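Below, each value reflects all heavy atoms present in this structure, side chains not excepted, and no hydrogens, waters or symmetry copies. Read the numbers this way: they start at 1 and go in the same order the structure lists the ligands and their atoms. Values in this document were obtained by computation on a predicted structure and should not be read as measured data.
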Amino acid sequence: MNPITILGLETSCDETAAAVVRGNPPGPGAILSNVIFSQTEAHAPYGGVVPEIASRAHLEILDGIVERALSDARISLKEIDAIAVTAGPGLIGGVMVGLTMAKGLSMGAGKPLVAVNHLAGHALTARLTHAVAFPYLLLLVSGGHCQLLAVRGAEDFRLYGSTLDDAAGEAFDKTAKMLGLPYPGGPEVEKLASNGNAKRYPLPRPMLARAGCDFSFSGLKTAMRQLIETPDINKADAAASFQAAVIDILKNRTGHAMARFRGDFPENENPTLVVAGGVAANQDIGDGLRALAGENGFALCVPAPALCTDNAAMIAWAGLERFAAGASDPVSTGPRARWPLDASAT
Ligand code: AMP
Ligand code: MG
């Protein structure tokens, strides 16, 4: 089969990104370019992403980012097979900017449009990078999402569990804010925790006694707030204790999901756990999940940190998988603020 070449656009949160990816399922694919402009600085004063600022920033720079993605890849629009774009879920203003741009390019260049679910982008990155075969178990831990899913196909997901309140990355960001650390807080908490004693402060591990694969972080967040308000706490020890609690929660829930996956796919004797999303960049979390995978006979696949956080290469790849299966979408396709991967689970 001739390799497929896809231009991908991503604007669903605070990264404005465009990339060109070439290949065929099951991967791996070649990333010909991967341009990301992170708006972190614009949102930092507010301690979180401000939707209106985000969509305006996307609007201002997206065309330049697309041009750079094409020139970095030394390719013209004519040589692209299709244009993939995040159509949701995400901040609706940002999604609209990307989708409108993609439709314009699609009509102008006469190339098919492929609407991509942002979460499918995260979920399929392990195929772009490591050609992981279906089915596999996915732990998606990002700023906006915390889910465990069985990935059975490029558009076939079974939800095992998700967070009942905050996402894991959100818990990191809020903890960082309470500790007086800059946004985005995940990497800052990790840095601080590396000098701390994780056993110093006992913190709750919500849901651990319960069956199933759902997560909850709000009880931990409240306990952190109370801890931080006490006088003379050691911030490094508090950060380390927080991170240890998150690791225990992620390991426990993922352990349950592994058992369920084994039951659902008994023929898959050497299954893989894929970890995706920005929180996967955390070394200690990676080490904890590696140990868990080893104990349960799962291989572990964690794509490179730059491909774990929001980027357009993953959108191009998810679009490539859909396009290879014969799919494309009409220009009437609308943006979706909500778009679960497993529609049967909501
Ligand atoms: P994403 O939503 O996939 O773009 O990932 C961003 C989220 O990942 C934010 O909530 C970050 O705080 C979090 N994050 C990034 N790096 C780390 C890290 N090293 N440790 C924990 N969380 C992190
Ligand atoms: Mg992001």
(message) Is any side-chain heavy atom of D264 closer than 4.5 Å to one of R158?
(response) yes
(request) Tell me whether the centres of the aromatic rings in F242 and Y201 are closer together than 6.0 Å. (result) no
(message) Heavy atoms only, cut-off 4.0 Å: how does D310 contact ligand 1, side chain, backbone, both, or neither?
(response) both
(request) Mind telling me whether H118 and H122 have parallel, tilted or perpendicular rings, with 30° and 60° as the class edges? (result) perpendicular
(message) Looking only at side-chain N and O atoms, does D165 offer a donor or acceptor that is under 3.5 Å from a partner on S216?
(response) yes
(request) Decide whether S241 and Q243 meet the rule of one side-chain donor and one side-chain acceptor closer than 3.5 Å. (result) no
(message) If I apply the N/O under 3.5 Å rule, does N282 come out as touching ligand 1?
(response) yes
(message) Under 3.5 Å between any N/O of E190 and any N/O of ligand 1: does that happen in this structure?
(response) yes
So between [options], whose heavy atom ends up nearest [atom]?
| atom | options | result |
| --- | --- | --- |
| atom 22 (N) of ligand 1 | G169, G186, P184 | G186 |
| atom 3 (O) of ligand 1 | G286, G278, A280 | G278 |
| atom 13 (C) of ligand 1 | N311, V279, T175 | V279 |

(message) Taking 4.0 angstrom as the limit and counting only heavy atoms of F172, give me the atoms of ligand 1 inside it, by number and element.
(response) 21 (C), 22 (N)
(request) Taking only heavy atoms of D173 into account, list the atoms of ligand 1 that are under 4.0 Å away from them. (result) 9 (C), 10 (O), 11 (C), 12 (O)
(message) Quick check on side-chain hydrogen bond (donor to acceptor under 3.5 Å, both in side chains): which of R74, K78, E79 does S76 satisfy it with?
(response) E79
